[in-house]
Novice: 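The structure's right below; bear with me while I get my questions together.
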Protein chains: 2
Amino acid sequence: MATQGERKAETRQRLLDAAAELFAERGIEGASVDAIAERAERTSGAVYDHFGGKDGLLYALLEGWADDVAAVITAELAAASTLDDRLAALWRNVAHPPTGEGQWIRLEHELWSFAARHDGARARLRQRYEAAWAGIDSAIGEWARDEGMAPPSRPLGPAVIGVLLGLEMMRRLDPNAIDDCTAVATLRGAVGAPQPQKEHAR
Amino acid sequence: MATQGERKAETRQRLLDAAAELFAERGIEGASVDAIAERAERTSGAVYDHFGGKDGLLYALLEGWADDVAAVITAELAAASTLDDRLAALWRNVAHPPTGEGQWIRLEHELWSFAARHDGARARLRQRYEAAWAGIDSAIGEWARDEGMAPPSRPLGPAVIGVLLGLEMMRRLDPNAIDDCTAVATLRGAVGAPQPQKEHAR
DNA sequence: GTCTATATACCGATAGAC
DNA sequence: GTCTATCGGTATATAGAC
């Protein structure tokens, strides 16, 4: 027998999961509160009770989600030992998502587009990205030590994340546009590492 | 005294301009036909007469627009002589748009998000991007000859465009996240050129 | 906390006058 | 070709029963 607190927590989570799915599928403006509630097997009233409205639901989704993505990527990186393996692991996470929902990137873009139009959302999203950038920067620092390279002279986290998202955009338009090898080579450029083989120019 | 044909052409152009603005400002789903018509100083009926509906307006916007962007970028590239200057010109066009409307990138993302959800739009957008990729590829071929580098072993156009869009995403969240120098260095990586100075590692 | 019912507003699209 | 008027559908959000 579930307590009231447990029921409340489950409803909250169901609404968050449903919102993540529908925002990705239909866009943030295209997903109605009713549709979200219906997918969560609740009614629209529950959304207003828990989050005060659609915006509140979006913001809650934004904040409770940073940790999840970061945790997955950190785990993937820990399992790789060479620079190329690590960069390939990063790319794999955006291009061929392993977990059930392969559309978190789409949601990422929805959030970005929404944030480009709404100041409040932009501030929150920026805060999230600053954490991700810092994580990449500290990881790059470790790699540089491992590979015997000099540490970067300025933060490269934004460039790495930007390259990952941008390449994925092209790949979604045409699955053959970006092969794994091109992606890793571009990422090497973003972290300031030289190209290893001579298959690229000079 | 304007002929009927002239009036028709003007109405069409006003509707296209208004749609471009409003799609960028409010998103494609968020911009209503009435609002577009109102900004164009017409009424919603005109949209249906000219384009058959909102989708038709979007597609017309998509197709009539590829040439404009390509022309601007090609002109910028022709004015630059070194590889870094050319890459800097590319970056400048997305990061600090020179022309009046500095928000075509936002519209670009709106189109991408919309295309990710609608197959018909994705096919059209992909066609547009394939032209852009080919343009970059042929430009890279010329640069490689100028700089005495070997030509790339595979198409790099998608990577270059992806990097440009991805870096701009990060810059929009935080204007200081990507400085011009980082952008050019990342683009050098995307086109397979080595880092020139020793300010980066090794 | 969740439901039904509803108020209010706006959406895309069409019909018909001019 | 553009207008007004309007239809049917759906949106957000709230009020009140349970």
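A note on names: the letters A, B, ... follow the listed sequences, proteins ahead of strands, and every chain is numbered from 1.
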Novice: Please report, rounded to the nearest Å, how far the P atom of C/dC3 is from the CD atom of A/E38.
Specialist: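 Taking CD of A/E38 and P of C/dC3, I get 11 Å after rounding.
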Novice: What is the nucleic acid contact for A/T43, judged by heavy atoms within less than 4.0 Å: base, sugar-phosphate only, or nothing?
Specialist: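 Base contact.
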Novice: Over how many whole Å does the gap from B/I36 atom CD1 to C/dC11 atom P extend?
Specialist: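 Taking atom P of C/dC11 as the reference, CD1 of B/I36 is at 10 Å.
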Novice: Please state how far atom CD in A/E41 lies from atom C1' in C/dG1, giving the value in whole angstrom units.
Specialist: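 It works out to 16 Å between those atoms.
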Novice: Rounding to a whole Å, what distance do you find between B/R26:CZ and D/dA11:P?
Specialist: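 To the nearest whole Å, that distance equals 19 Å.
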Novice: With rounding to the nearest 0.5 Å, note down the distance linking NE2 in B/H109 to CH2 in A/W112.
Specialist: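 One gets 4.0 Å once the value is rounded to the nearest 0.5 Å.
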Novice: Rounded off to whole Å, could you give me the CG-to-P distance for the B/L57 and C/dA13 pair?
Specialist: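 About 11 Å, once rounded to whole Å.
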Novice: Indicate, with a heavy-atom threshold strictly under 4.0 Å, whether A/A31 touches base, sugar-phosphate, or nothing.
Specialist: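 A/A31: backbone/sugar contact only, no base atoms under 4.0 Å.
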Novice: Categorize A/A35 for me: base, sugar-phosphate, or nothing, with a 4.0 angstrom heavy-atom threshold over every strand shown.
Specialist: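 Nothing: the residue A/A35, judged by heavy atoms under 4.0 Å, touches no strand.
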Novice: Please figure out whether B/L15 or B/S44 has its closest DNA chain D nucleotide nearer the 5' end.
Specialist: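 The 5'-side residue here is B/L15.
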Novice: So for atom CD, which belongs to B/E63, do other residues, nucleotides or ligands contribute more than 12 heavy atoms lying within a distance under 6.0 Å?
Specialist: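 Atom CD in B/E63 is crowded, with more than 12 foreign heavy atoms closer than 6.0 Å.
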Novice: Which of these nucleotides, C/dA13, D/dT12, C/dG1, is closest to any side-chain atom of A/T11?
Specialist: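 Selected nucleotide: C/dG1.
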Novice: Using whole Å, report how far CZ of A/R12 lies from P of C/dG1.
Specialist: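 In whole Å, C/dG1 P and A/R12 CZ are 12 Å from each other.
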Novice: Calculate the interatomic distance between A/E29 atom CD and D/dT10 atom C1'; express it in whole Å.
Specialist: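 The answer, rounded to whole Å, is 16 Å.
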Novice: Does this structure show an ion pair linking A/R39 with A/E25, if we count only N-O contacts that are shorter than 4.0 Å?
Specialist: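 Result for this pair is yes, salt bridge flagged.
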Novice: Below the 4.0 Å mark, does C/dC11 have OP1 or OP2 next to a side-chain nitrogen or oxygen of B/S32?
Specialist: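 Looking at the OP1 and OP2 atoms of C/dC11, one of them is under 4.0 Å from a side-chain N or O of B/S32.
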Novice: Decide, yes or no, whether a salt bridge links B/E130 with B/R126 under the criterion of side-chain N to carboxylate O below 4.0 Å.
Specialist: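 Result for this pair is yes, salt bridge flagged.
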Novice: Could you tell me how far apart B/Y48 (OH) and D/dG1 (P) are, to the nearest whole angstrom?
Specialist: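 After rounding, the reported distance stands at 17 Å.
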Novice: When you compare the side chain of B/W133 with that of A/D174, does any pair of heavy atoms fall below 4.5 Å?
Specialist: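 Yes, side chains in contact.
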